[in-house]
Novice: 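Please find one structure pasted underneath; my questions will follow.
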Amino acid sequence: MRQESIRLPQDALWLLQTLRAAGHSAYVVGGCVRDSLLGRTPGDWDLCTAARPEETRALFAGQQLVLTGVKHGTVGVVLHGKVYEITTYRQDGAYRDHRHPDQVHFVGALADDLARRDFTINAMAYAPGEGVIDLYGGRGDLAAGVVRCVGDPAARFGEDALRILRALRFAARLGFRLDDATAAAAETACQTLQSVSAERLYTELDGLLMAPGAGDVLAQYGKILAGAVPEVLPCMGCTQPGRWHCYDVWQHTAVAVQTLDLRGQDTRGARVLCWAAFLHDIAKPQCRSVGADGAAHFRGHNQRGAVMARAILRRLKAPVYLIDGAAALVAIHDAPLPTGDAAILKSLNRYGAVFLRRLCALKCADLDAHALTPDVAARRAEVTAFAARMEELARTGCYTMRQLAVNGGDLMDAGLPAGPAVGRTLHTLLNAVMEGRVPNERGPLLEEARRLRRIP
Ligand code: ATP
Ligand code: MG
């Protein structure tokens, strides 16, 4: 068999060697082994060891330590600003308090530690010279693109329901599918996700939605996901007859999430967009009616969807910027965009360029998940045209009071008494500028204020 070698960063290697030099069995383990074998750069390097936490602490007493996880057997060692988690071999359940094993049992202890891990692709360990320790066929599953529970899936999901969502997250991250038995057990057990804390659910859902294969996972495993977000269930099979759509609401949602173009977005923008795309049509099943022509209508689904999005995100204890950002997008995702410079400037004034950029990205993803008809193409072209003009005006236009060529001081110098009239006048002048009636220049603005008899 080919002996893979994984290139460890210097600091991880030093930790491993220090543990081993002190006589403790030790390996890098989990996500870093998985990612290395896939040729991806691991986010962090976790170690597992036979050393007890107090031994690990003593060994690295010269370094900055993070001890928040010490009661679960984890000591964090900070090297060059990065935390490396070193966790004592652990067995969950009845064996958790087993005695400190001797050297022979260390191998057994590693096996036990790997056995408690969630998926075969996450249950591999590695040490230089020994190669990859793969007791559950993780390499085979990596090659086949399969997320498979270690051991009996029903039992593993029974121990920790969060693993159901983790399976979806890894599938979305890696472009994998779930092994059939794992998928079946996940669907059977998905209601148990209701008992998982909001924080843990949110973290996994967020990781899932932000992953490159999120839409495909939604399309394929929606019923499983519904264990965590039951509101999505009525979307499945909610048909959309008429000339616009070729998918039901859920498949449409999945395609929109999958086609979302996040280029140019920062992390917050990307997060807001992923969640907004996920939730944009969440109220459609409630708002559905079918007209005399046989076409479906979803009147009010924007506003009602915003209320639902807010409730769902609150329940998940999502950050406030995400709740507000996603709900605001859902609330107007389907409203027509303004045309003409005056209206575009006013929307810049009201929403800001960051929000409008997100709105355009959401609208494009939404439209790209429609039937590919000339009508849809025309709407898509409207969004692109709006986006281009909006960017231009965001760079060159005047759409905020601060950008006006006169300020309150100028108006008062010209004779306007201090008071609320100052703000009102600036507002009127800004409107005149946005509407193209007055150029944004000092002279013409003061002239306009005089014409309006605001200043003598
Ligand atoms: P990521 O790159 O997302 O951090 P990861 O594989 O490192 O991926 P973590 O959540 O950091 O994932 O967990 C580290 C390791 O701990 C996993 O690879 C897995 O072996 C194990 N693990 C984490 N959570 C669970 C769980 N709920 N049940 C069983 N094993 C788990
Ligand atoms: Mg990790």
Side-chain angles (χ1 to χ4, degrees), residues 6 8-9 12 27-49 66 68-69 72-77 82-93 95-96 109-126 132-139 141-142 146-176 178 182 185-186 189-190 192-193 195-197 199-214 217 227-228 267:
I6 290 176
L8 301 186
Y27 297 85
V28 294
V29 68
C32 61
V33 178
R34 175 198 69 222
D35 289 345
S36 297
L37 293 176
L38 285 170
R40 296 169 175 239
T41 309
D44 38 36
W45 293 80
D46 299 328
L47 285 78
C48 59
T49 181
V66 179
T68 44
H72 303 113
T74 301
V75 174
V77 181
K82 210 171 147 51
V83 183
Y84 294 82
E85 295 197 336
I86 304 178
T87 304
T88 303
Y89 291 145
R90 213 172 81 187
Q91 218 178 28
D92 287 341
Y95 295 98
R96 186 174 277 168
L110 173 65
D112 290 341
D113 190 81
L114 296 179
R116 74 167 171 90
R117 292 176 183 270
D118 46 10
F119 307 114
T120 61
I121 57 171
N122 288 347
M124 291 181 278
Y126 173 83
V132 176
I133 314 288
D134 175 16
L135 306 179
Y136 299 101
R139 272 177 297 201
D141 286 336
L142 271 187
V146 171
V147 178
R148 182 197 313 272
C149 285
V150 172
D152 171 42
R156 302 314 307 281
F157 293 143
E159 291 162 10
D160 179 3
L162 188 70
R163 290 173 187 153
I164 296 166
L165 271 193
R166 287 175 60 85
L168 299 186
R169 171 164 74 84
F170 287 112
R173 162 106 67 89
L174 304 172
F176 282 18
L178 304 195
T182 296
C190 74
T192 59
L193 280 166
S195 65
V196 175
S197 77
E199 291 82 354
R200 294 179 85 208
L201 287 180
Y202 169 73
T203 304
E204 294 297 337
L205 282 170
D206 187 63
L208 161 58
L209 291 174
M210 296 277 276
V217 163
T267 309

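Order of appearance sets the numbers: ligands from 1, and atoms from 1 within every ligand. Each residue takes its place number in the sequence, starting with 1.
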Novice: Checking Asp141 side chain against Thr120 main chain: does a donor-acceptor pair fall under 3.5 Å?
Specialist: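 Flag not set: sc Asp141 to bb Thr120 has no pair under 3.5 Å.
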Novice: Looking only at distances, please establish whether an N/O atom of ligand 1 is found under 3.5 Å from an N/O atom of Arg156.
Specialist: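 No: no nitrogen or oxygen of Arg156 is under 3.5 Å from one in ligand 1.
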Novice: For Phe119, state whether at least one heavy atom is located under 4.0 Å from any atom of ligand 1.
Specialist: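 Distance cut 4.0 Å: Phe119 fails for ligand 1.
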Novice: Using distance alone, decide if ligand 1 has a nitrogen or oxygen within less than 3.5 Å of any nitrogen or oxygen in Asn122.
Specialist: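 Between Asn122 and ligand 1, an N or O pair is found under 3.5 Å apart.
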Novice: What protein heavy atom sits nearest atom 14 (C) of ligand 1, and how far away is it?
Specialist: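 Heavy-atom neighbour on the protein nearest atom 14 (C) of ligand 1: Asp46 OD2, 3.9 Å.
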Novice: Where does the angle between the aromatic ring planes of Phe119 and Phe170 fall among parallel (under 30°), tilted (30 to 60°) and perpendicular (over 60°)?
Specialist: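 It falls in the perpendicular class, over 60°.
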Novice: Would you mind checking which non-hydrogen protein atom is closest to atom 4 (O) of ligand 1, with the distance to 0.1 Å?
Specialist: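 In this structure, atom 4 (O) of ligand 1 has Asp44 OD1, 4.4 Å as its nearest protein heavy atom.
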Novice: Looking at Gly30, which atoms of ligand 1 are within less than 4.0 Å of one of its heavy atoms?
Specialist: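 Every atom of ligand 1 under 4.0 Å from some heavy atom of Gly30: 18 (O).
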Novice: Is any side-chain heavy atom of Leu174 closer than 4.5 Å to a side-chain heavy atom of Arg40?
Specialist: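 The answer is yes, as the side chains (C-beta and beyond) meet within the 4.5 Å cut-off.
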Novice: How about atom 16 (O) of ligand 1: does it have a protein heavy atom within less than 4.0 Å?
Specialist: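 Under 4.0 Å from atom 16 (O) of ligand 1, at least one protein heavy atom found.
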Novice: Any atoms of ligand 1 less than 4.0 Å from a non-hydrogen atom of Arg163? List them with their elements.
Specialist: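 The atoms of ligand 1 under 4.0 Å from a heavy atom of Arg163 are 26 (C), 27 (N), 28 (N), 29 (C).
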Novice: Going by heavy atoms in the side chains, are Leu168 and Leu178 under 4.5 Å from each other?
Specialist: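 Of all side-chain heavy-atom pairs linking Leu178 with Leu168, at least one is under 4.5 Å.
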Novice: Answer side chain, backbone, both or neither: which part of Arg116 comes under 4.0 Å from ligand 1, heavy atoms only.
Specialist: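 It is the backbone that gets close, since no side chain atom is under 4.0 Å.
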Novice: I need the Asn122 CG to Leu142 CG distance, nearest 0.5 Å.
Specialist: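 If I round to the nearest 0.5 Å, the distance is 9.0 Å.
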Novice: Which residue and atom name correspond to the protein heavy atom nearest atom 21 (C) of ligand 1, and how close is it?
Specialist: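 Heavy-atom neighbour on the protein nearest atom 21 (C) of ligand 1: Arg117 NH1, 3.6 Å.
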Novice: What's the verdict on side chain to side chain contact (heavy atoms under 4.5 Å, CB included) for Val83 and Asp44, showing C-alpha distance, side-chain angles and the deciding distance?
Specialist: CA-CA 8 Å; Val83 183; Asp44 38 36; over 6 Å; no
Novice: How close does the nearest protein non-hydrogen atom get to atom 19 (C) of ligand 1, and which residue and atom is it?
Specialist: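 Atom 19 (C) of ligand 1 sits closest to the protein heavy atom Asp118 OD1, 3.5 Å.
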Novice: If you have a sec, work out which protein heavy atom is nearest atom 7 (O) of ligand 1 and how many Å separate them, to one decimal?
Specialist: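 Checking every protein heavy atom, the shortest distance to atom 7 (O) of ligand 1 gives Gly31 CA, 3.8 Å.
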Novice: Which option, Ile164, Asp160, Ile121, owns the non-hydrogen atom nearest atom 27 (N) of ligand 1?
Specialist: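 Comparing heavy atoms across Ile164, Asp160, Ile121, the nearest one to atom 27 (N) of ligand 1 lies in Asp160.
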Novice: Does the distance from a Lys or Arg side-chain N to an Asp or Glu carboxylate O, for Asp160 and Arg156, drop under 4.0 Å?
Specialist: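 Arg156 and Asp160: not salt-bridged.
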Novice: Among protein heavy atoms, which sits nearest to atom 9 (P) of ligand 1, and what does the distance come to when rounded to 0.1 Å?
Specialist: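 Here the nearest protein heavy atom works out to Arg166 NH2, 3.8 Å.
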Novice: Give the numbers and elements of all ligand 1 atoms closer than 4.0 Å to a heavy atom of Arg34.
Specialist: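 The atoms of ligand 1 under 4.0 Å from a heavy atom of Arg34 are 2 (O), 5 (P), 6 (O), 8 (O).
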Novice: Is Thr182 reaching over with its side chain to a backbone N or O of Cys149, donor-acceptor style, under 3.5 angstrom?
Specialist: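 Checking the backbone N and O of Cys149 against the side chain of Thr182, a donor-acceptor pair under 3.5 Å is found.
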Novice: Any sub-3.5 Å donor-acceptor pair from Tyr126's side-chain atoms to Ile6's backbone N or O?
Specialist: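 Yes; at least one donor-acceptor contact below 3.5 Å.
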Novice: Side chain, backbone, both or neither: which part of Phe157 has a heavy atom under 4.0 Å from ligand 1?
Specialist: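 For Phe157, there is no contact with ligand 1 at all, from either part.
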Novice: Starting from atom 1 (P) of ligand 1, locate the nearest protein heavy atom and write down its residue, its atom name and how far away it is, to 0.1 Å.
Specialist: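 Atom 1 (P) of ligand 1 sits closest to the protein heavy atom Arg173 NH2, 3.4 Å.
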Novice: Taking the side chain as every heavy atom from C-beta outward, state whether Arg90 and His72 have any atom pair closer than 4.5 Å.
Specialist: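 In short, these two side chains touch, coming nearer than 4.5 Å.
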Novice: Search all heavy atoms of Ala189 against all heavy atoms of Ile164 and return the closest pair with its distance.
Specialist: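 Closest approach of Ala189 to Ile164: O-CD1, 3.6 Å.
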